[in-house]
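Start at 1 and go down the list; that is how both ligands and their atoms are numbered.
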Amino acid sequence: MNTTSNHIPKKYALEKPIHSNQYLVNGVLKEWAGDTAEVYSNIYYENGEPTLLGSVPDMDSGIANEAIKSAVTAFDRGKGVWPTMKVKDRIACMNTFVEKMKPHREEVVKLLMWEIGKNKQDAYKEFDRTIDYILDTIEAYKKLDRKSARFEKESGIFAHIRRSPLGVVLCLGPYNYPLNETFCLLIPALIMGNTTIFKPAKIGVLLITPLLKAFQESFPPGVVNIVFGRGRKIAAPIIKTGSIDVLALIGHSTSAVALQDEHPFKNRLRLILGLEAKNPAIILPDADIDLAVRECISGSLSFNGQRCTALKVLFVHKDVVDEFNKRFSAAVDSLNFGLPWEDESFLTPLPEKSKPAYIDSLIKDATSKGAKVLNTKGGKLTHNYCYPAVLYPVTKDMKVFHEEQFGPVVPIIPFSNIDEPLDAIADSEYGQQVSIFGKNTAQLGPLIDVLANLVCRININSACQRGPDIFPFTGRKNSAVGTLSVFDALRSFSIRTFVASKDNEYNNEILENLVASKDSNFITTEYLL
Ligand code: G3H
């Protein structure tokens with residue numbers, strides 16, 4: 001697990017640190033003259049020191065006011081250019097943006113590897129998936145708009161029903177998908193006519209800087225505002241103004257709750273939240289063990305388990321647990337650890353400095369209460385990694401049973417009665433997804449019927465995952481508020497609004513004239529192709 005002496009291919013080497021002092025407010029790329037925060041890579045060390053990647057502005061509440069003023073002015077109490085713009089013109093801006101974003105693929109991918117340690121293959125996937133998400137969002141919006149391009153009549157009233165923006169959206173993304181998950185909030189929020197303030201996460205921040213100009217050149221002033229700094233120093237003051245209509249956050253529930261608490265007008269604030277989860281796998285006695293092992297490896301350890309959708313606890317039936325443990329532990333020990341740009345790297349160093357020690361503390365807590373580390377390499381600790389430990393048997397009194405580890409450690413719990421995992425899922429604070437492994441329908445059927453009331457996606461013989469992005473992504477309890485998918489996100493960032501008029505000659509003539517004159521961008525029967 002040496003991460004200091006490897007040769008770095010020229011394509012992925014950093015020529016010099018990126019000191020970015022720009023931010024985007026009111027359509028202007030401004031130079032920040034205040035404090036800055038250095039950005040280090042915990043992925044690669046030289047002479048015992050993490051690599052300096054560059055720096056970004058470390059902004060304070062002053063900038064919060066500037067950003068909020070810009071976004072509020074651009075919305076202009078519903079009169080703004082952007083919220084009143086024709087749908088096809090907003091789509092044109094989004095198309096411009098995506099074209100301007102594409103040439104930055106290599107820069108963004110390189111920074112994804114250096115900043116958050118995502119392996120090369122997954123880093124490219126994150127960029128490409130984001131481009132696809134934007135293009136799919138454009139198509140979904142056209143489809144939605146086509147459905148609205150008509151009048152309905154009920155009880156003598158004509159109605160022209162559309163979806164309208166909510167106002168000003170604050171977007172905060174996570175470090176594990178700093179591009180994709182943030183854009184899965186920002187893009188639908190924008191296309192529906194909202195104005196936005198976006199603050200990148202603390203880790204995975206430099207990779208946003210190559211895109212600032214693309215945002216500036218693609219949207220009218222004030223529609224996208226991008227600021228940098230710590231959440232408590234900027235996000236909290238922004239929310240405190242009371243001018244935010246939507247908090248869109250992918251991250252931890254504690255941050256979401258703390259921010260909501262700052263809003264003076266609670267019912268004004270809509271929430272779209274993707275939060276933590278503790279997705280379980282349930283391995284039934286008739287499961288195909290090889291398949292279950294393969295899926296549980298990718299489910300629990302892709303990107304070192306730093307995914308909200310990761311399998312974070314495995315319930316294995318007592319009849320097959322010994323065999324499963326043997327094959328699973330061997331599979332974990334055979335995983336390739338390496339630097340993100342190396343071709344075969346599956347496991348990569350951890351971006352958060354404190355994470356290896358935290359994972360180690362979970363292992364120590366579990367082993368002090370009776371669990372064993374089953375795999376030979378499990379728990380081996382370095383300055384920036386803790387090799388995945390397979391812990392068995394894990395019990396309720398251990399921290400790793402309840403806490404979202406968000407890192408490389410896999411707890412296994414034996415069960416003999418299916419009520420044991422079902423009770424644990426029902427008792428859990430979380431309710432995102434589950435994976436079940438087995439084939440006997442007499443057992444699977446009733447199990448699915450119960451799980452459908454406890455989580456939001458039941459994966460049969462496969463790991464949990466968010467994609468394809470066309471499917472709903474949501475969760476119960478502390479795992480989510482609102483639903484995201486290409487289509488659902490358009491709904492989440494808008495509200496149904498309609499124009500109604502009684503069916504009489506006087507009104508009908510006005511309606512006809514409104515459509516024919518194209519005096520309104522809301523009342524239109526134009527069919528977008
Ligand atoms: O961190 C949570 C992500 O939404 C997971 O997405 O399942 O595609 O890795 P994924």
Please state which protein non-hydrogen atom is closest to [atom] and give its distance, to 0.1 Å?
atom: atom 6 (O) of ligand 1; value: R466 CB, 3.3 Å
atom: atom 5 (C) of ligand 1; value: T309 OG1, 3.1 Å
atom: atom 4 (O) of ligand 1; value: E181 OE2, 2.4 Å

Nearest heavy atom to atom 8 (O) of ligand 1 wins, so pick from R129, Q432, R307.
R129
Counting heavy atoms only, name the option from Y177, Y175, F303, F406 that's nearest to atom 9 (O) of ligand 1.
Y177
Please work out which of the three classes, parallel, tilted or perpendicular, describes the rings of Y12 and Y124, given edges at 30° and 60°.
perpendicular
So is there a nitrogen or oxygen of C308 less than 3.5 Å from a nitrogen or oxygen in ligand 1?
yes
Output yes when the distance from some N or O of ligand 1 to some N or O of Q465 is under 3.5 Å, and no in every other case.
no
Where on I250 is there a heavy atom closer than 4.0 Å to ligand 1, on the side chain, on the backbone, on both, or on neither?
neither
Output, in order, the C-alpha distance, side-chain angles, deciding distance and verdict of ring-ring contact (aromatic ring centres under 6.0 Å, His included) for F337 and Y387.
CA-CA 9 Å; F337 177 87; Y387 199 91; 7.2 Å; no
Of the non-hydrogen atoms in [X] and [Y], which two are nearest, and what is the gap between them?
X: S494; Y: L166; result: N-CD1, 3.7 Å
X: L381; Y: P356; result: CD1-O, 3.6 Å
X: I234; Y: A64; result: O-CB, 3.9 Å

By number and element, which atoms of ligand 1 are closer than 4.0 Å to a non-hydrogen atom of F473?
4 (O)
If you draw the axis of the six-membered ring of F303, does the NZ or CZ of K118 fall within 45° of it and under 6.0 Å from the ring centre?
yes
Can you confirm whether or not the ring centre of Y133 sits under 6.0 Å from the ring centre of F127?
no
